[in-house]
Asker: 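The structure that follows is given in the form of structure tokens.
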Amino acid sequence: MNLFADIRSAVVDALGRMTAEGLLPSGLNLSNVAVEPPRDAAHGDMATNAAMVLAKPAGKPPREIAEGLAARLMDDPRIEGADVAGPGFLNLRLAPAVWQGVLRQVLEAGTGYGRSDIGAGQKVNVEFVSANPTGPMHVGHVRGAVVGDALSNLLAFAGWNVTREYYINDGGAQVDVLARSAYERYREAHGLEPEIREGLYPGDYLIPVGEALKAKYGDSLLDKGEQVWLADVRDFASAMMMQMIREDLAALGVRMDVYSSEKALYGTGEIEAAIEELREKGLIYEGTLEPPKGKEPEDWEPRVQTLFRSTAHGDDVDRPVKKSDGSWTYFAPDIAYHYNKVKRGFDQLIDIFGADHGGYVKRMKAAVSALSNSTVPLDIKLIQLVKLWKNGEPFKMSKRAGTFVTLRDVVEMAGADVTRFIMLTRKNDVALDFDFDKVLEQSKDNPVFYVQYANARINSVLRKARDAGIVVDDATLLAADHSGLAHPAEQALLKKIAEWPRLVEIAARNNEPHRVAFYLYELASDLHGLWNRGNDELQLRFIQEDVAVSQAKIALARSVGVVICTGLGILGVTPVEEMR
RNA sequence: GGCCCCGUAGCUCAACGGAUAGAGCGUCCCCCUCCUAAGGGGAAGGUUGCAGGUUCAAGUCCUGCCGGGGUCACCA
């Protein structure tokens with residue numbers, strides 16, 4: 001289905017024949033042989049670097065290899081031209097019918113066009129969001145949630161077996177803080193003055209938790225010491241927070257497959273087992289860390305700790321897994337959790353972290369490397385900050401939480417579709433400006449609108465055509481004679497559509513869903529361009545006097561629409577049919 | 001100071017190790033008897049922070065600097 005992969009196969013076959021004829025040595029490594037769209041359309045439709053890659057190992061000048069390759073590729077009816085250019089590129093020109101055939105592929109496969117099997121059914125776990133259950137999700141979580149979800153969609157589309165997972169950090173001190181904060185709201189629910197001391201969570205969102213605690217416990221917890229109520233209130237409050245977080249995620253269109261609890265790891269022996277596993281590999285020892293080089297913390301004192309020899313797996317220093325009081329550091333359950341993922345049989349792990357967690361990448365990779373004997377790759381994507389803007393100035397206030405802007409605020413102000421798309425208009429490791437005014441604007445400055453508008457225009461064509469009595473169902477469009485689609489603007493659009501399967505594979509291989517958003521923008525741009533040329537050149541309009549000609553052109557428009565809908569589906573954005 | 005990310009057109013950003021580094025905004029010029037002008041076409045604009053290295057080929061990989069951000073042992 002991937003035309004570029006198909007032609008690459010032809011190139012590899014031709015190279016094989018050259019080897020058989022003794023023109024090339026056998027056993028050449030072809031992994032770097034690529035077939036890709038040239039940057040400059042004047043270079044033809046596709047280009048291969050085969051001759052340059054093989055020149056050295058084959059001991060022949062690149063141009064000589066390229067000439068031989070060209071001659072053999074010309075036997076392929078799909079290939080109309082093969083010219084050696086530059087330092088040894090082989091530029092290929094494909095028969096128009098090949099490009100027109102793309103329409104049949106799209107109209108046959110529908111939104112399955114571009115689906116790939118490069119994932120080969122491998123099990124991949126995508127862990128994302130993993131916010132502490134101490135309050136509503138805020139802006140900082142939105143981007144990670146969207147990237148994780150879109151990446152999951154993308155990988156599934158490319159043939160991976162994907163599990164979306166949320167790791168609930170409910171085992172640390174911050175849930176105790178939550179409990180104490182909720183307890184004050186519980187007192188408040190009884191008409192007492194809450195004491196929201198420094199360090200507690202002040203947000204109004206805990207008021208309902210206080211009410212619920214009152215409903216459940218009546219006044220039985222009042223005037224009791226913390227040791228009486230802390231555990232119960234903690235569990236109760238964090239469960240309510242998780243409920244709220246699930247609803248927040250749902251509002252953004254994100255659904256998790258698995259929620260894993262940090263707390264649930266304690267007391268089950270899982271942490272101990274994971275550390276024991278490392279110990280058996282000789283990676284756990286009692287020792288003292290050197291103080292950080294250069295800038296030594298004020299209160300530094302040498303201390304004997306239980307350490308994980310993460311330096312054996314690429315980390316810079318070894319990392320403590322136990323505190324001096326013998327309890328686990330936060331890292332220990334993280335190790336156990338990742339070990340758990342390895343044991344569940346995932347072939348590949350992906351973590352989506354905030355950029356402020358960049359310091360944990362090496363140690364986490366070291367742990368997974370150690371525990372999986374380097375068999376399970378862990379890719380960690382760091383998500384940079386989102387800066388909110390409104391009316392030309394930074395937007396910080398939230399009516400709901402007071403101190404921070406929540407996910408809900410963003411979704412309610414911008415809508416889930418717009419929010420999701422914009423969050424994917426930057427690579428994950430670059431900071432992103434989210435301007436409420438701009439993202440809601442209906443103009444070409446706004447990429448969401450721009451892409452949606454292209455789709456709306458296509459639907460408009462289909463409506464008009466139907467009104468004119470032209471049959472435009474996919475089966476009819478599929479059967480139409482597409483050979484008239486020869487104008488450069490039409491061919492350009494066909495080629496762009498042909499790139500979609502390749503784009504999917506590249507994006508999936510690199511775990512980079514933003515590429516889909518950029519592609520859709522380019523595809524929409526080509527559509528708008530063709531559309532506008534129809535203003536001057538009537539023969540480029542989709543709807544013509546001749547029904548058969550119309551159907552061919554509408555097949556092109558419809559195919560663009562299919563790809564836009566497919567791409568938006570991967571991003572988790574609902575296509576807009578009409579934009580009145 | 002160590003480590004991580006970023007540095008590309010005036011601005012915001014793309015570019016699986018491939019050819020003459022691309023879009024959008026902004027600036028300038030132009031296009032509505034026409035399926036949605038909520039759009040489109042064109043011009044100008046670059047030593048890809050600097051210096052080396054690897055490679056047939058480097059914005060991309062390696063080393064060292066410069067600048068910005070993040071992070072740095074019993075917090076998660």
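FYI, side chains are in, hydrogens and waters are out, and symmetry mates aren't considered; it's all heavy atoms of this structure. The structure displayed is predicted, hence computed values, not measured ones.
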Asker: Taking atom C1' in both B/U8 and B/G46, what distance in whole Å separates the two?
Answerer: 8 Å
Asker: Taking any heavy-atom pair under 4.0 Å as a contact, classify A/R515: base, sugar-phosphate, or nothing.
Answerer: sugar-phosphate
Asker: Base, sugar-phosphate alone, or nothing: which one does A/R541 contact when heavy atoms must sit under 4.0 Å apart?
Answerer: base
Asker: Measure from CZ on A/R463 to P on B/C35 and round the result to the nearest Å.
Answerer: 14 Å
Asker: When we call it a touch if two heavy atoms are under 4.0 Å apart, what does A/K322 touch: a base, just sugar-phosphate, or nothing?
Answerer: nothing
Asker: Provide the distance between the two C1' atoms, one in B/U27 and one in B/G64, to the nearest whole Å.
Answerer: 40 Å
Asker: Taking the side chain of A/L289 as heavy atoms from C-beta outward, which of B/G39, B/A73, B/C35 is closest to it?
Answerer: B/A73
Asker: For a quick check of understanding: with a heavy-atom distance under 4.0 Å over all strands, which category does A/F449 fall into, base, sugar-phosphate or nothing?
Answerer: base
Asker: Between A/D433 and A/W300, which is nearer to the 5' end of RNA chain B once each is assigned its nearest nucleotide?
Answerer: A/D433
Asker: Can you check the A/E512 CD to B/C5 C1' distance for me, whole Å?
Answerer: 14 Å
Asker: Between A/K464 and B/U36, is there a side-chain N or O to OP1/OP2 distance below 4.0 Å?
Answerer: yes
Asker: If we take the C1' atom in both B/A23 and B/A14, what is their distance in whole Å?
Answerer: 7 Å
Asker: List the atom of A/A508, the atom of A/L155, and the distance in Å for their closest heavy-atom pair.
Answerer: O-CD2, 3.6 Å
Asker: Of the options B/A14, B/C5, B/G39, whose atoms approach the side-chain atoms of A/D429 most closely?
Answerer: B/C5
Asker: Tell which nucleotide pairs with B/U36, taking only Watson-Crick or G-U wobble pairs whose two distances are both under 3.5 angstrom.
Answerer: none
Asker: Does A/K427 have a side-chain nitrogen or oxygen under 4.0 Å from the phosphate oxygens OP1 or OP2 of B/A14?
Answerer: no
Asker: Do A/Y453 and A/R457 have a side chain donor and acceptor closer than 3.5 Å?
Answerer: yes
Asker: Would you classify A/R457 as touching base, sugar-phosphate or nothing, given that sugar-phosphate means primed atoms plus P, OP1 and OP2, and contacts are heavy atoms under 4.0 Å?
Answerer: sugar-phosphate
Asker: Going by heavy atoms in the side chains, are A/F434 and A/K387 under 4.5 Å from each other?
Answerer: no
Asker: Would you classify A/A456 as touching base, sugar-phosphate or nothing, given that sugar-phosphate means primed atoms plus P, OP1 and OP2, and contacts are heavy atoms under 4.0 Å?
Answerer: base
Asker: How far, in whole Å, is B/C5 from B/A43 if one measures between their P atoms?
Answerer: 38 Å
Asker: Using a 4.0 Å heavy-atom cut-off, does A/P62 contact any base of the nucleic acid, only the sugar-phosphate backbone, or nothing at all?
Answerer: nothing
Asker: With a 4.0 Å limit, can you tell me whether A/S460 has a side-chain N or O closer than that to the phosphate oxygens OP1/OP2 of B/C35?
Answerer: no
Asker: With both distances under 3.5 Å as the test, what is the Watson-Crick or G-U wobble partner of B/G46?
Answerer: none
Asker: Taking the side chain as every heavy atom from C-beta outward, state whether A/F331 and A/P320 have any atom pair closer than 4.5 Å.
Answerer: no
Asker: Looking at every strand, decide which applies to A/E262 at a 4.0 Å heavy-atom threshold: base, sugar-phosphate, or nothing.
Answerer: sugar-phosphate
Asker: Please tabulate, for side-chain N and O atoms in residues 499-507 of chain A, each donor-acceptor pair with protein atoms closer than 3.5 Å (sequence neighbours left out).
Answerer:
from	atom 1	to	atom 2	distance (Å)
A/W500	NE1	A/Y113	O	3.0
A/E505	OE1	A/N2	ND2	3.2
A/E505	OE2	A/S116	OG	3.1

Asker: Pull out every protein N or O sitting under 3.5 Å from an N or O of nucleotides 18-26 of chain B, one pair per line with the distance.
Answerer:
from	atom 1	to	atom 2	distance (Å)
B/G18	N7	A/N49	ND2	3.1
B/G18	O6	A/N49	ND2	3.4
B/A19	OP1	A/R39	NH2	3.0
B/A19	OP2	A/R39	NE	2.6
B/A19	OP2	A/R39	NH2	2.7
B/A19	N6	A/N91	OD1	2.4
B/A19	N1	A/N91	OD1	2.8
B/A19	N1	A/N91	ND2	3.0
B/C25	OP1	A/K444	NZ	3.4

Asker: When you check the side-chain N and O atoms of A/D351 and A/H357, is any donor under 3.5 Å from an acceptor?
Answerer: no
Asker: Any chance the rings of A/Y337 and A/Y339 have centres within less than 6.0 Å?
Answerer: no
Asker: So, are A/K341 and A/E127 salt-bridged, with charged N and O less than 4.0 Å apart?
Answerer: yes
Asker: Is the positively charged end of A/R309 above the ring of A/Y285, judged by distance under 6.0 angstrom from the centroid and angle within 45° of the axis?
Answerer: yes
Asker: Could you work out which one of B/C13, B/A73, B/U36 sits closest to the side chain of A/E301?
Answerer: B/A73
Asker: Can you find a pair of side-chain heavy atoms, one from A/F128 and one from A/L151, that are under 4.5 Å apart?
Answerer: no
Asker: Starting at CG of A/L178, measure out to CZ of A/R234 and round the result to the nearest 0.5 Å.
Answerer: 10.0 Å
Asker: Just compare B/G39, B/A15, B/C56 and give me whichever is closest to any side-chain atom of A/N532.
Answerer: B/G39
Asker: Take atom C1' in B/C13 and the same atom in B/G1, then report the distance between them in whole Å.
Answerer: 33 Å
Asker: Assuming nearest nucleotide by heavy-atom distance, tell me which of A/N510 and A/N169 is located more 5' along RNA chain B.
Answerer: A/N510
Asker: Can you check each nucleotide of nucleotides 64-71 of chain B against protein heavy atoms at under 4.0 Å and return B for base, S for sugar-phosphate only, - for none, in 5' to 3' order?
Answerer: ------SS
Asker: Applying a 4.0 Å non-hydrogen cut-off, can you work out what A/V461 is touching in the nucleic acid: base, sugar-phosphate, or nothing?
Answerer: nothing
